[in-house]
Engineer: 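Here you go, one structure.
Letters A, B, ... are given to chains in the order of the sequence lines, protein chains preceding strands, and every chain is numbered from 1. All values below come from the heavy atoms of this structure, side chains included, with hydrogens, waters and symmetry mates left out.
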Number of protein chains: 2
Amino acid sequence: MSLAAGPACEACPHGVGAAAGAPFTCARRQLGPGQHLFSAGDLAREVIFVRKGALRLYWLLRDGRRRIIGFRGAGEAIIPEEGQQHRFSAQAVTAAEVRAIPLTPFHAAARSNSTVLVGLHRQLARERDAAYELIAILGRHDAEASVAAFLLDLDDRTSSGTPGEWLQLSILRADIADYLGLSHETVSRVLTAFRQRRLIEIARSRQLRLLDRAVLVQIAGKGDVDRKRIGVSA
Amino acid sequence: MSLAAGPACEACPHGVGAAAGAPFTCARRQLGPGQHLFSAGDLAREVIFVRKGALRLYWLLRDGRRRIIGFRGAGEAIIPEEGQQHRFSAQAVTAAEVRAIPLTPFHAAARSNSTVLVGLHRQLARERDAAYELIAILGRHDAEASVAAFLLDLDDRTSSGTPGEWLQLSILRADIADYLGLSHETVSRVLTAFRQRRLIEIARSRQLRLLDRAVLVQIAGKGDVDRKRIGVSA
DNA sequence: CGGGTTATTGAATGATATCAACTTACGTGG
DNA sequence: CCACGTAAGTTGATATCATTCAATAACCCG
């Protein structure tokens with residue numbers, strides 16, 4: 001994402017801090033699988049940049065279910081509201097490494113460095129828009145469409161561009177289920193159906209490859225936004 | 001919302017613009033019911049503050065369905081990404097009045113006025129968090145919980161604090177359905193069930209009053225975030 | 001190799017969508 | 001002010017799809 005690739009973290013501690021005339025520490029932190037970076041209710045103190053591995057952001061529901069809001073992989077950021085409590089929990093899926101910049105100096109830096117400011121806004125707007133995309137998926141109750149959309153998104157975000165590449169699915173079935181609002185059995189059934197239709201290939205449960213992107217796009221498209229009809233005016 | 005209540009609009013054109021040393025026009029615009037303020041794909045040029053009435057923000061899906069992302073009532077704002085296309089459409093539900101501030105001078109103002117900056121961040125973070133709340137609702141497939149949560153939210157946002165007040169439900173059943181990812185028949189059935197259980201009162205289809213907030217909260221709670229268990233750490 | 005976790009598969013239940021008929025609400029013009 | 005027509009809302013019957021419960025199988029780590 002733009003922020004992480006920008007001066008905020010790559011050049012830290014000589015980037016933003018220096019530019020702002022207010023150098024600050026950019027703590028590196030290691031997380032083991034399942035370890036929490038923070039929990040909902042904790043006071044938000046830092047902006048997080050994921051360097052390695054992946055985190056899941058989630059809520060627990062009253063009935064004990066887990067609602068996963070999103071995942072953040074290497075190069076992505078987690079931006080909380082200053083002075084507020086975290087509204088969700090962040091937990092490492094795999095072993096992960098993050099950098100944490102205290103919020104106050106970061107905001108101070110953003111004020112004096114418009115590159116950072118614009119990046120910050122863009123990141124927030126993107127998180128919002130990503131949430132809207134997920135809403136679009138969840139609204140249409142169609143398991144196949146949801147899973148197809150998820151796989152395509154995952155492929156877009158993680159693959160290096162080589163088509164037909166193997167996806168390292170560090171995420172469990174239950175993660176996908178909690179993200180898409182489905183049961184893990186349904187996710188399993190859909191993946192099996194896709195495999196039988198030669199749309200994907202699965203190796204040892206956790207590695208998977210998209211074989212027929214076109215058809216997956218079509219399946220996902222059932223609940224997807226119509227990018228052609230969006231210009232309709234009153 | 002904080003932004004609209006703050007200097008950004010109330011004091012316009014003598015607020016932000018003046019403070020930034022870069023006065024700008026704050027165009028007033030009137031919208032009739034069903035009229036579009038902008039459509040998805042349009043270039044985003046302005047920050048919008050809703051003064052009167054309500055707007056719905058939505059996408060059209062490929063299959064012709066409409067996915068409503070949210071509503072914005074008086075006092076709320078719509079903040080797009082600078083230089084980007086709008087990702088959703090904004091349409092007046094009722095007759096509405098908005099103020100539009102061009103993005104570029106607004107951002108310039110935000111840079112030099114930290115009150116505006118903080119308000120801007122907060123608004124973006126809130127939109128994101130509101131989207132997350134909706135995700136929590138949509139993920140749990142439970143029509144009664146969804147509708148109850150919607151009614152409570154609507155009541156919180158529109159009522160002046162007087163309990164048992166009549167809600168002016170300018171929103172149609174189909175709007176609620178497209179927002180919650182349900183069919184309008186299901187919405188109707190749930191509302192009828194609530195009425196029969198004396199949880200709400202409906203007058204002439206469009207006006208409604210919450211009679212038993214406690215029970216509604218309980219019903220909504222089925223899919224709601226557990227505010228007590230959120231602190232669980234690994 | 002073994003024990004715990006994760007994944008798959010099956011059968012039955014249940015909730016919501018869908019299709020369809022009917023009623024109510026509302027604005028318009030006679 | 002009433003009659004009419006259209007749009008919105010309600011209600012019922014049916015079908016579909018995802019959940020749930022349950023059992024087996026694959027996987028992974030020590």
Side-chain angles (χ1 to χ4, degrees), chain A residues 32-34 56 61 63-67 93-95 137-148 150-151 168-197 200-208 219 222-223 234, chain B residues 32-34 56 61 63-67 93-95 137-148 150-151 168-197 200-208 219 222-223 234:
Chain A
R56 63 172 78 90
L61 305 184
D63 58 8
R65 284 163 199 274
R66 188 181 55 160
R67 194 84 273 286
V93 180
T94 58
I137 291 173
L138 292 174
R140 296 259 332 95
H141 304 187
D142 183 329
E144 293 209 337
S146 297
V147 175
F150 172 79
L151 291 179
Q168 192 58 43
L169 197 56
S170 51
I171 293 167
L172 307 178
R173 299 289 187 274
D175 281 316
I176 305 177
D178 288 349
Y179 181 62
L180 298 177
L182 301 167
S183 67
H184 66 98
E185 293 98 327
T186 298
V187 172
S188 180
R189 273 186 255 268
V190 171
L191 287 178
T192 302
F194 284 176
R195 179 163 46 83
Q196 287 171 346
R197 285 201 262 163
I200 61 172
E201 195 178 349
I202 304 176
R204 286 147 82 249
S205 297
R206 300 288 180 77
Q207 280 173 310
L208 127 183
I219 293 172
K222 282 181 194 164
Chain B
R56 62 172 79 90
L61 305 185
D63 58 7
R65 284 162 198 275
R66 188 181 57 161
R67 192 86 270 287
V93 179
T94 59
I137 292 173
L138 292 175
R140 295 265 333 96
H141 305 180
D142 183 330
E144 293 209 338
S146 297
V147 175
F150 173 79
L151 292 178
Q168 196 59 44
L169 195 57
S170 49
I171 293 168
L172 308 178
R173 300 287 188 274
D175 281 317
I176 306 177
D178 288 347
Y179 181 62
L180 297 176
L182 302 168
S183 66
H184 66 97
E185 294 98 328
T186 298
V187 172
S188 180
R189 274 186 254 269
V190 170
L191 287 177
T192 302
F194 284 174
R195 179 163 47 80
Q196 287 169 346
R197 285 200 262 164
I200 61 172
E201 197 178 347
I202 303 177
R204 286 148 81 251
S205 298
R206 301 288 181 78
Q207 282 173 308
L208 124 184
I219 293 171
K222 281 180 195 164

Engineer: Check whether any side-chain N or O of R65(B) sits under 4.0 Å from OP1 or OP2 of dT18(C), and answer yes or no.
Structural biologist: yes

Engineer: Between the side chains of R197(B) and E144(B), is the shortest nitrogen-to-carboxylate-oxygen separation below 4.0 Å, so that they form an ion pair?
Structural biologist: yes

Engineer: Nearest nucleotide by nearest heavy atom, which residue falls closer to the 5' end of DNA chain D, G181(A) or A203(A)?
Structural biologist: G181(A)

Engineer: I'd like to check T94(A) versus P33(A) (side-chain heavy atoms, cut-off strictly below 4.5 Å). Are they in contact?
Structural biologist: no

Engineer: Pick the closest DNA chain C nucleotide for R195(A) and for A143(B) by heavy atoms, then say which residue is nearer the 5' end.
Structural biologist: R195(A)

Engineer: At less than 3.5 Å, do the side-chain atoms of E144(A) and the base atoms of dC17(D) form a donor-acceptor pair?
Structural biologist: no

Engineer: Is the phosphate of dG9(D) approached by S188(B) (side-chain N or O, under 4.0 Å from OP1 or OP2)?
Structural biologist: no

Engineer: Can you check whether any acceptor in the base of dG10(C) is under 3.5 Å from a donor in the side chain of R189(A), or vice versa?
Structural biologist: yes

Engineer: Taking only side-chain nitrogens and oxygens of R204(B), does any of them come within less than 4.0 Å of OP1 or OP2 of dG9(D)?
Structural biologist: no

Engineer: Which string of ( ) [ ] | and . matches DNA chain C, if you list each base 5' to 3' and count Watson-Crick or G-U pairs only when both distances are under 3.5 Å?
Structural biologist: ||||||||||||||||||||||||||||||

Engineer: Scan T192(A) against the nucleic acid and name what it touches under 4.0 Å (heavy atoms): base, sugar-phosphate only, or nothing.
Structural biologist: sugar-phosphate

Engineer: A side-chain contact here means heavy atoms from C-beta on lying under 4.5 Å apart; do R195(B) and L208(B) qualify?
Structural biologist: no

Engineer: Of the options R67(B), R56(B), R206(B), which is the one that meets D175(B) in a salt bridge (charged side-chain N to carboxylate O under 4.0 Å, His left out)?
Structural biologist: R56(B)

Engineer: Is any side-chain heavy atom of F194(A) less than 4.5 Å from a side-chain heavy atom of I202(A)?
Structural biologist: no

